Amino acid sequence: MADMNLYVVVAITMLLSTGLALLFFGALLTIAAAFGNKRTTWGIICVLLLPLTGAYVMLYWDETAYSRKYLLPGAALVIVAAACFYLL
């Protein structure tokens, strides 16, 4: 019989991978929104430095409503999974 810690680690890893997938997809949508709104400088910056997509979302809150639906929950899941790994 497997140890209970194994199941907890697998569950947290799945939570982390789901969060990273949502975060990455939201970042791609944010980059597309930046290029679509004729903000090529922001688009290039976000491509080169992917974590700055969060700054773009905060600055242009109204224009990034769709990508925000993926980016923010993904970031929240990553933070929760990291906190769970820290507490484990």
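These numbers were taken from a predicted model, which means no experiment stands behind them.
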Engineer: Please go through Phe25's hydrophobic cluster and name the other residues, only I, L, V, M, F, W, Y counting, with side-chain heavy atoms under 4.5 Å joining them.
Structural biologist: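 Leu15, Leu22, Leu29, Tyr66, Tyr70, Leu77, Val80, listed by chain and number.
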Engineer: Can Ile44 be reached from Tyr60 by stepping across I, L, V, M, F, W or Y side chains whose heavy atoms are under 4.5 Å apart?
Structural biologist: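 No, no single cluster joins them.
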Engineer: Apply the hydrophobic cluster definition, ILVMFWY joined by side-chain contacts under 4.5 Å directly or through others, and give me every member besides Ile79.
Structural biologist: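 Traced through the cluster, Ile79 reaches no other member.
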Engineer: Of all residues at least two apart in sequence or in a different chain, which pass the side-chain hydrogen bond (donor to acceptor under 3.5 Å, both in side chains) check with Thr53?
Structural biologist: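 Listed in chain order: nothing, the list is empty.
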Engineer: Not counting sequence neighbours, list each pair that qualifies as a salt bridge (charged side-chain N to carboxylate O under 4.0 Å, His left out) and has a residue in residues 16-27.
Structural biologist: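 Sorted pair list comes back empty.
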Engineer: Please report the closest heavy-atom contact between Tyr56 and Cys46, naming both atoms and the distance.
Structural biologist: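 Scanning both residues, the minimum pair turns out to be CB-SG, 4.1 Å.
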Engineer: Quick one: list whatever passes side chain to side chain contact (heavy atoms under 4.5 Å, CB included) with Leu59, sequence neighbours left out.
Structural biologist: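 For Leu59 the side chain to side chain contact (heavy atoms under 4.5 Å, CB included) partners, ignoring immediate neighbours, are Trp42.
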Engineer: For the atom pair OG1 (Thr40) and CD1 (Ile45), what is the distance rounded to the nearest 0.5 Å?
Structural biologist: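 One finds 9.5 Å between OG1 of Thr40 and CD1 of Ile45.
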Engineer: When rounded to the nearest 0.5 angstrom, what is the spacing between CD1 in Ile31 and CG in Leu52?
Structural biologist: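 One finds 10.0 Å between CD1 of Ile31 and CG of Leu52.
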Engineer: Quick one: does Arg68's side chain have a donor or acceptor within less than 3.5 Å of a partner on Trp61's backbone?
Structural biologist: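 Yes: the side chain of Arg68 pairs with the backbone of Trp61.
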Engineer: Show me the pairs that pass side chain to side chain donor-acceptor pair (under 3.5 Å) and involve residues 13-33, at least two apart or across chains.
Structural biologist: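 Only Thr30-Ser67 qualify under side chain to side chain donor-acceptor pair (under 3.5 Å).
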Engineer: Does any pair with a residue in residues 9-19 pass salt bridge (charged side-chain N to carboxylate O under 4.0 Å, His left out), and if so which ones, sequence neighbours excluded?
Structural biologist: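 Matches after skipping sequence neighbours: none remain.
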Engineer: Any salt bridge (charged side-chain N to carboxylate O under 4.0 Å, His left out) involving residues 41-51? Give me the pairs, sequence neighbours left out, ordered by first then second residue.
Structural biologist: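 Applying salt bridge (charged side-chain N to carboxylate O under 4.0 Å, His left out) to every pair that reaches into residues 41-51, excluding sequence neighbours, yields nothing.
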Engineer: Quick one: side-chain hydrogen bond (donor to acceptor under 3.5 Å, both in side chains) partners of Thr64, sequence neighbours excluded?
Structural biologist: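 Once residues adjacent in sequence are excluded, Thr64 has no partner under the side-chain hydrogen bond (donor to acceptor under 3.5 Å, both in side chains) criterion.
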Engineer: Do Phe35 and Val47 pass the side chain to side chain contact (heavy atoms under 4.5 Å, CB included) test, and can you show the C-alpha distance, the side-chain angles, and the key distance before you say yes or no?
Structural biologist: CA-CA 11 Å; Phe35 283 121; Val47 166; 4.2 Å; yes
Engineer: Anything under 3.5 Å between a donor and an acceptor, one on a side chain of residues 81-88, the other on a protein residue two or more places apart or in another chain? List them.
Structural biologist:
none

Engineer: The criterion is salt bridge (Lys or Arg N to Asp or Glu O under 4.0 Å); which residues satisfy it with Arg39, sequence neighbours excluded?
Structural biologist: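 Partners of Arg39 by the salt bridge (Lys or Arg N to Asp or Glu O under 4.0 Å) criterion, ordered by chain and then number, come out as Glu63.
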Engineer: Report the residues that fulfil side chain to side chain contact (heavy atoms under 4.5 Å, CB included) with Phe24, sequence neighbours left out, ordered by chain and then residue number.
Structural biologist: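 In terms of side chain to side chain contact (heavy atoms under 4.5 Å, CB included), with neighbours along the sequence ignored, Phe24 is linked to Leu28, Leu50.
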